[in-house]
Amino acid sequence: MEKSHENVKAFGWAARDTSGVLSPFNFSRRVTGEKDVQFKVMYCGICHSDLHQLKNEWTNSIYPMVPGHEVVGVVTEVGSKVEKFKTGDKVGVGCLVGSCRKCENCDNDLENYCRDQIMTYNGVYTDGIPTYGGYSDIMVTNEHYVVHWPENLPMEAAPLLCAGITTYSPLRYYGLDKPGMHIGVVGLGGLGHMAVKFAKAFGTKVTVISTSVSKKDEAIDRLGADSFLVSRDPDQMQGAAGSLDGIIDTVSAIHPLLPLINLLKTNGKLVMVGAPEKPLELPVFPLLLGRKLVAGSAIGGVKETQEMVDFAAKHNITPDVEVVPMDYVNTALERLLKSDVKYRFVLDIGNTLNKN
């Protein structure tokens with residue numbers, strides 16, 4: 001059948017300005033190219049970074065903006081040269097829809113560190129067309145940036161594609177995935193609860209570190225952490241000094257690093273995955289005296305993202321989500337701002353995105 005070369009009509013919800021308020025939006029996707037996968041969006045997670053982007057808090061927002069980079073759906077069309085996918089497949093798209101494919105990072109499956117990476121939304125394709133995310137009915141994406149979604153993994157587990165890979169990747173890369181290790185997780189939100197689940201699945205002992213003693217029961221009873229530290233309690237923190245092989249720090253607020261560094265064993269690693277808006281103070285002496293490392297990590301490449309969802313399916317790891325209809329999105333964003341969700345909102349796009 002002769003394919004139309006007109007752009008594909010799409011529908012979603014978009015913000016038009018820095019108020020960040022979303023409303024229905026008609027737009028176009030490109031026609032499915034020879035290496036493209038077109039899919040019907042079923043579920044899309046609401047990430048905390050959506051809030052920052054919607055309100056232009058990172059000063060790079062492009063309006064109108066259709067957010068969403070934790071996207072799961074079902075393939076409706078594939079290009080003539082697509083090799084990995086067929087119509088009817090369940091698929092996922094995370095934070096990236098493009099990269100240069102030529103640099104050292106891309107050659108090593110680290111598209112997430114490519115200088116020319118193209119973000120799933122609030123980005124720009126090489127032809128100057130803006131990218132629109134998963135708060136929409138369909139997506140068209142180059143197959144290289146699409147992952148197979150395992151059959152036994154619920155599609156509403158979409159936040160694995162950002163919160164999941166953001167915590168899985170540093171545990172793997174920094175060698176904090178060995179059974180018997182003792183891993184700390186700072187902050188118990190969308191990222192933190194995934195860090196706990198992955199670290200436990202790797203066979204490590206997990207301590208949750210939080211400013212809020214009220215989170216102790218959910219950390220231990222609900223998520224299976226082995227112990228809990230109140231970071232504002234000097235006695236507790238001193239009692240645990242030198243006990244951790246590594247820490248995944250998910251907190252995006254300004255917070256002191258010294259108490260965390262003191263929790264590390266010799267050769268311990270503090271890995272930052274949260275992004276505080278202002279520089280943090282880094283004391284050097286404690287690093288020297290224990291050959292300790294402070295590091296960072298951002299999402300993961302496509303290959304590692306596939307590895308992560310396969311691991312999640314094998315070990316029955318899913319994010320704790322509250323599934324909401326599309327027209328609830330502005331309320332969900334207001335609640336997210338107050339941390340009033342355990343632990344991630346997911347939009348039921350497939351059943352509730354109405355064009356009327």
Specify the closest pair of heavy atoms between [X] and [Y], including all atoms of both residues, with the distance to one decimal.
| X | Y | value |
| --- | --- | --- |
| Met155 | Gly73 | CE-O, 3.6 Å |
| Ala195 | Leu171 | O-CD1, 4.1 Å |
| Phe345 | Leu336 | CE1-N, 4.1 Å |
| Asp249 | Met272 | OD2-CE, 3.3 Å |
| Cys103 | Cys114 | SG-SG, 4.0 Å |
| Val146 | Val91 | CG1-CB, 3.5 Å |

Spacing of [atom1] belonging to [X] relative to [atom2] belonging to [Y], to within rounding of 0.5 Å:
| X | Y | atom1 | atom2 | value |
| --- | --- | --- | --- | --- |
| Asp107 | Lys102 | CG | NZ | 10.5 Å |
| Thr141 | Leu96 | OG1 | CG | 11.0 Å |
| His255 | Ile209 | NE2 | CD1 | 10.0 Å |

Give a yes or no on whether [X] and [Y] share a hydrophobic cluster (residues Ile, Leu, Val, Met, Phe, Trp, Tyr; joining criterion: side-chain heavy atoms under 4.5 Å apart).
| X | Y | value |
| --- | --- | --- |
| Val321 | Leu223 | no |
| Val346 | Val93 | no |
| Phe198 | Val271 | yes |
| Val186 | Tyr168 | no |
| Ile129 | Ile62 | no |

Do [Y] and [X] meet the salt-bridge criterion of a basic N to acidic O distance under 4.0 Å?
| X | Y | result |
| --- | --- | --- |
| Glu304 | Arg172 | no |
| Arg344 | Glu70 | yes |
| Lys342 | Glu218 | yes |
| Asp226 | Lys200 | yes |
| Asp245 | Lys269 | no |

As a test of understanding, state which of Gln38, Met139, Arg30 forms a side chain to side chain contact (heavy atoms under 4.5 Å, CB included) with Val8.
Gln38
Quick one: does [X]'s side chain have a donor or acceptor within less than 3.5 Å of a partner on [Y]'s backbone?
| X | Y | result |
| --- | --- | --- |
| Ser136 | Gly133 | yes |
| Tyr145 | Ser99 | yes |
| Thr250 | Gly274 | no |
| Thr131 | Met119 | yes |
| Ser169 | Thr166 | no |
| Asn122 | Asn60 | yes |
| Tyr63 | Leu54 | yes |

So [Y] and [X], do their side chains get closer than 4.5 Å, heavy atoms only?
| X | Y | result |
| --- | --- | --- |
| Val147 | Leu161 | yes |
| Val66 | Phe27 | yes |
| Tyr43 | Val323 | yes |

Partners passing side chain to side chain contact (heavy atoms under 4.5 Å, CB included) against Asp17 (at least two apart in sequence or in another chain):
Ser19
Sequence neighbours excluded, which residues qualify as side chain to side chain contact (heavy atoms under 4.5 Å, CB included) partners of Lys9?
none
Output, in order, the C-alpha distance, side-chain angles, deciding distance and verdict of side-chain hydrogen bond (donor to acceptor under 3.5 Å, both in side chains) for Ser61 and Asn56.
CA-CA 5 Å; Ser61 295; Asn56 195 30; 3.3 Å; yes
Might you work through the side-chain hydrogen bond (donor to acceptor under 3.5 Å, both in side chains) test for His52 and Glu277, ending with a clear yes or no?
CA-CA 11 Å; His52 296 296; Glu277 59 193 43; 5.9 Å; no
Around atom [atom1] of [X], are there more than 12 heavy atoms of other residues, nucleotides or ligands at under 6.0 Å?
| X | atom1 | answer |
| --- | --- | --- |
| Lys205 | NZ | no |
| Lys265 | NZ | yes |
| Glu57 | CD | yes |
| Arg222 | CZ | yes |

Tell me, with the steps shown, if Ser212 and Arg232 meet side-chain hydrogen bond (donor to acceptor under 3.5 Å, both in side chains).
CA-CA 8 Å; Ser212 175; Arg232 290 190 173 123; over 6 Å; no
Donor-acceptor contacts under 3.5 Å from residues 257-264 side chains, at least two apart:
from	atom 1	to	atom 2	distance (Å)
Asn262	ND2	Leu258	O	3.4

Have a look at Lys197 and tell me which of Asn316, Thr167, Thr318, Asp320 forms a side-chain hydrogen bond (donor to acceptor under 3.5 Å, both in side chains) with it.
Asp320
Ring pair (Phe, Tyr, Trp, His ring centres under 6.0 Å) between Phe85 and His148, worked out
CA-CA 8 Å; Phe85 302 95; His148 283 280; 4.2 Å; yes
After noting the C-alpha distance and the side-chain angles of Glu111 and Gln117, does the key distance pass the side chain to side chain contact (heavy atoms under 4.5 Å, CB included) rule?
CA-CA 7 Å; Glu111 302 91 345; Gln117 62 181 256; over 6 Å; no
Under the criterion side chain to side chain contact (heavy atoms under 4.5 Å, CB included), I'd like the reasoning laid out for Leu293 against Tyr174: C-alpha separation, chi angles, the key distance, then a yes or no.
CA-CA 10 Å; Leu293 184 73; Tyr174 290 104; 4.3 Å; yes
Check: Phe25 ring centre within less than 6.0 Å of Phe11 ring centre
no
Using the side chain to side chain contact (heavy atoms under 4.5 Å, CB included) rule, take Ile247 and Val185 through it: C-alpha gap first, then chi angles, then the decisive distance, then the call.
CA-CA 6 Å; Ile247 296 172; Val185 175; over 6 Å; no
Less than 3.5 Å apart, any donor N or O on the side chain of His182 or Thr204 sitting next to an acceptor on the other?
no
Examine the side chains of Thr207 and Ser227 and answer whether a donor and an acceptor come within less than 3.5 Å of each other.
yes
Positive for salt bridge (charged side-chain N to carboxylate O under 4.0 Å, His left out) with Glu143, one of Lys35, Lys84, Lys86, Lys81:
Lys35
Could you give me the CA-CA distance, side-chain angles and deciding distance for Asn330 and Glu334, then say whether side-chain hydrogen bond (donor to acceptor under 3.5 Å, both in side chains) is met?
CA-CA 6 Å; Asn330 289 309; Glu334 287 171 16; over 6 Å; no
Checking Val208 against Val196 for the side chain to side chain contact (heavy atoms under 4.5 Å, CB included) test, could you report, in this order, the C-alpha distance in whole Å, the side-chain angles of both residues, the deciding distance, and whether it holds?
CA-CA 8 Å; Val208 170; Val196 172; 3.7 Å; yes
